[in-house]
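Comments concern the structure below.
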2 protein chains.
Amino acid sequence: MREGPDIARIASLVGDPARANMLTALMGGTALTASELALEAGVSLPTASSHLSKLMEGGLLSLASQGRHRYYGLAGPQVAGMIEAIIGVAEAVGPKRVRPGPRDAAMRVARVCYDHLAGEQAVAMLDRLIDREVLLRDDSEIRLGPAAASHFSALGIDVEAKARRPVCRACLDWSVRRSHLAGTLGAAILDKIIAEKWARREKGSRAVVFSPAGKREFENVFLA
Amino acid sequence: MREGPDIARIASLVGDPARANMLTALMGGTALTASELALEAGVSLPTASSHLSKLMEGGLLSLASQGRHRYYGLAGPQVAGMIEAIIGVAEAVGPKRVRPGPRDAAMRVARVCYDHLAGEQAVAMLDRLIDREVLLRDDSEIRLGPAAASHFSALGIDVEAKARRPVCRACLDWSVRRSHLAGTLGAAILDKIIAEKWARREKGSRAVVFSPAGKREFENVFLA
DNA sequence: GGAATGCTTCGACAAGGATCGAACTATGCG
DNA sequence: CGCATAGTTCGATCCTTGTCGAAGCATTCC
């Protein structure tokens with residue numbers, strides 16, 4: 001008999017199909033209401049409500065009440081990381097689809113991971129930022145480099161803005177198996193990409209699709 | 001309604017207490033027989049057998065038959081990584097014990113992670129090996145450095161031994177939140193530590209306890 | 001060959017939990 | 001104040017799944 005952290009409790013929360021669908025939906029990073037999550041999960045509102053209270057009690061979700069709306073979101077990056085890890089295993093051991101569908105391909109190129117960009121583009125971006133010493137990597141720790149202030153202020157991103165969350169964080173990418181940039185800076189960059197309309201979020205998916213012009217802009221700024 | 005990798009299936013496999021105990025036990029890296037796992041999980045043999053076949057079917061375990069013994073082990077590093085991630089969340093959201101027990105402290109210092117060393121000692125070791133250019137880090141990729149051959153051959157470890165598994169791999173440490181060394185090299189180093197009796201494995205736990213003399217030896221070789 | 005050990009399969013039972021309809025509470029709008 | 005919308009709670013139902021004892025295979029040892 002073992003003791004220790006109750007991993008069965010956490011895993012069984014993710015282990016119900018309805019709840020797994022909800023969590024997957026929330027990996028998109030935007031908080032959703034109970035009814036939206038009910039729809040995502042394909043269950044009735046009462047059922048969804050019951051699941052949501054369990055996830056809350058389990059500490060996997062955060063809740064923001066706004067008037068009569070209640071927005072549920074993932075509790076934090078650590079939870080998101082766990083889901084990514086489970087997705088990785090499910091992809092690996094799951095029934096290998098002969099050909100990954102077009103949506104899969106898009107997901108591999110660029111997708112939202114909680115609140116920042118992930119996928120090939122994101123991994124390439126982080127590599128390039130480190131090459132140019134905009135960022136410095138020290139193991140899984142990422143810090144601002146000498147060129148950071150000038151580079152990001154030109155984009156209208158204030159890297160000095162303080163928050164409880166770290167500015168930079170490395171996040172393991174399940175498709176590329178390398179790190180991409182998370183933290184407030186990662187989130188700010190994703191915001192920028194969407195705000196500038198370089199890319200748009202695929203409806204009902206985590207995929208992020210760049211427009212031809214937007215892709216050029218993005219590569220110009222981050223991959224040059 | 002969503003589709004995609006069946007994460008609920010994987011998570012629900014881990015979500016049963018008996019199975020979670022088995023998987024946690026296997027995080028120690030040594031393959032165990034069905035009866036040993038039944039004992040670990042605190043269930044009868046038939047029950048354990050049923051769980052094991054489910055875990056096999058789910059692709060989380062590997063099986064090696066040796067005569068009338070059947071040794072079950074984790075299917076691979078990716079599965080181990082997923083379990084670590086779940087442990088991390090469970091630790092974070094779980095009922096915060098006021099004081100981590102002595103075993104927890106020992107686990108933080110040094111423990112077995114699948115087949116290699118983890119914990120503060122392991123993270124420090126990797127840092128130092130990279131400083132000394134025995135190893136080279138390139139993002140989450142770790143490669144052998146110029147000083148590798150001489151350093152490891154002096155220890156009787158053949159870094160050129162080829163296997164399907166990569167020689168070096170970075171593995172995220174849940175207690176320190178930084179990477180430590182995995183891969184065949186990580187496994188070989190752990191073997192060395194145990195073989196030289198620098199440390200012994202705590203019975204029925206993942207903790208690795210260094211002897212005073214062994215600790216000096218280890219630090220001499222890897223942290224100097 | 002026969003006994004012993006390791007493990008799996010079968011059958012029956014019990015319990016947990018997912019589900020939904022209906023009733024209830026809360027917020028916003030006119 | 002009254003109606004509409006968002007969400008939770010309650011109760012009943014039903015089904016999945018974990019559980020173990022007993023019996024059945026397989027392998028090794030004597």
Side-chain angles (χ1 to χ4, degrees), chain A residues 1-3 6-26 30-75, chain B residues 1-2 6-26 30-75 86:
Chain A
M1 274 289 214
R2 317 210 127 234
E3 21 171 332
D6 196 348
I7 101 172
R9 188 174 120 83
I10 301 300
S12 71
L13 281 173
V14 188
D16 176 81
R19 286 194 295 261
N21 283 332
M22 292 175 170
L23 291 168
T24 308
L26 290 173
T30 49
L32 298 173
T33 65
S35 4
E36 288 169 323
L37 288 167
L39 203 65
E40 284 288 347
V43 294
S44 75
L45 231 162
T47 305
S49 182
S50 148
H51 286 307
L52 288 170
S53 56
K54 278 169 193 164
L55 288 170
M56 281 297 294
E57 197 183 357
L60 299 189
L61 296 187
S62 66
L63 174 58
S65 283
Q66 259 176 48
R68 63 176 158 178
H69 294 273
R70 312 191 71 184
Y71 289 95
Y72 290 92
L74 293 186
Chain B
M1 275 285 216
R2 315 210 128 233
D6 195 349
I7 101 172
R9 187 174 120 84
I10 301 299
S12 71
L13 281 173
V14 188
D16 174 81
R19 286 193 293 260
N21 282 333
M22 293 175 170
L23 291 169
T24 308
L26 291 174
T30 49
L32 299 172
T33 65
S35 6
E36 288 170 324
L37 287 167
L39 203 66
E40 284 288 345
V43 294
S44 75
L45 232 164
T47 304
S49 182
S50 147
H51 286 307
L52 288 170
S53 57
K54 279 170 193 164
L55 287 170
M56 282 297 294
E57 197 183 357
L60 299 189
L61 296 187
S62 65
L63 173 59
S65 283
Q66 258 176 47
R68 63 178 157 181
H69 294 273
R70 312 191 70 183
Y71 288 96
Y72 290 92
L74 293 187
I86 299 174

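Just so we're on the same page: letters track the sequence lines, and every chain starts at 1.
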Check: [Y] and [X] side chains under 4.5 Å, non-hydrogen atoms:
| X | Y | value |
| --- | --- | --- |
| A:Leu23 | A:Leu61 | yes |
| B:Leu37 | B:Leu26 | yes |
| A:Ile10 | B:Val14 | no |

Check: A:Ser12 main-chain N/O paired with A:Arg19 side-chain donor or acceptor under 3.5 Å: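 A pair under 3.5 Å: yes.
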Are the side chain of B:Thr24 and the backbone of B:Ala20 linked by a donor-acceptor contact shorter than 3.5 Å?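 Yes.
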Check the side chains of A:Ser44 and A:Thr47 for a donor-acceptor pair under 3.5 angstrom, ignoring hydrogens and angles.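 Yes - a donor-acceptor pair under 3.5 Å links their side chains.
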Identify which nucleotide among [options] has an atom closest to any side-chain atom of [X], counting heavy atoms from C-beta outward.
| X | options | result |
| --- | --- | --- |
| B:Arg19 | D:dT8, D:dG18, C:dC7 | D:dG18 |
| B:Asp16 | C:dC7, D:dG18, D:dC20 | D:dG18 |
| A:Leu45 | D:dT19, D:dG7, C:dA18 | D:dG7 |
| A:Arg70 | D:dT8, C:dA18, C:dT8 | D:dT8 |
| A:Thr33 | C:dA18, D:dG7, D:dT19 | D:dG7 |
| A:Tyr72 | C:dT8, D:dT8, C:dT19 | D:dT8 |

What is the distance, to the nearest angstrom, from the [atom1] atom on [X] to the [atom2] atom on [N]?
| X | N | atom1 | atom2 | result |
| --- | --- | --- | --- | --- |
| B:Leu39 | D:dC20 | CG | P | 13 Å |
| B:Leu63 | C:dC7 | CG | P | 10 Å |
| B:Leu61 | C:dC7 | CG | P | 14 Å |
| A:Leu37 | D:dT8 | CG | C1' | 15 Å |
| B:Glu57 | D:dT17 | CD | P | 12 Å |
| B:Asn21 | D:dT19 | CG | P | 10 Å |
| A:Glu36 | D:dA6 | CD | P | 10 Å |
| A:Leu55 | C:dA18 | CG | P | 10 Å |

So, for B:Arg9 and B:Gly58, which heavy atoms are closest and what is the spacing to 0.1 Å?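 So the minimum-distance heavy-atom pair works out to NH2-CA, 3.4 Å.
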Quick one, give me the B/S/- string for nucleotides 21-28 of chain C, reading 5' to 3', where B means a protein heavy atom under 4.0 Å from the base and S means that only happens at the primed atoms, P, OP1 or OP2. BB----BS
Counting only side-chain nitrogens and oxygens, does A:His51 get under 4.0 Å of the OP1 or OP2 atom of C:dG17?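 For A:His51, the contact criterion (side-chain N or O under 4.0 Å from OP1 or OP2 of C:dG17) is not met.
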At less than 4.0 Å, is any side-chain N or O atom of A:Lys54 found next to OP1 or OP2 of C:dA18? Yes or no.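 Looking at the OP1 and OP2 atoms of C:dA18, one of them is under 4.0 Å from a side-chain N or O of A:Lys54.
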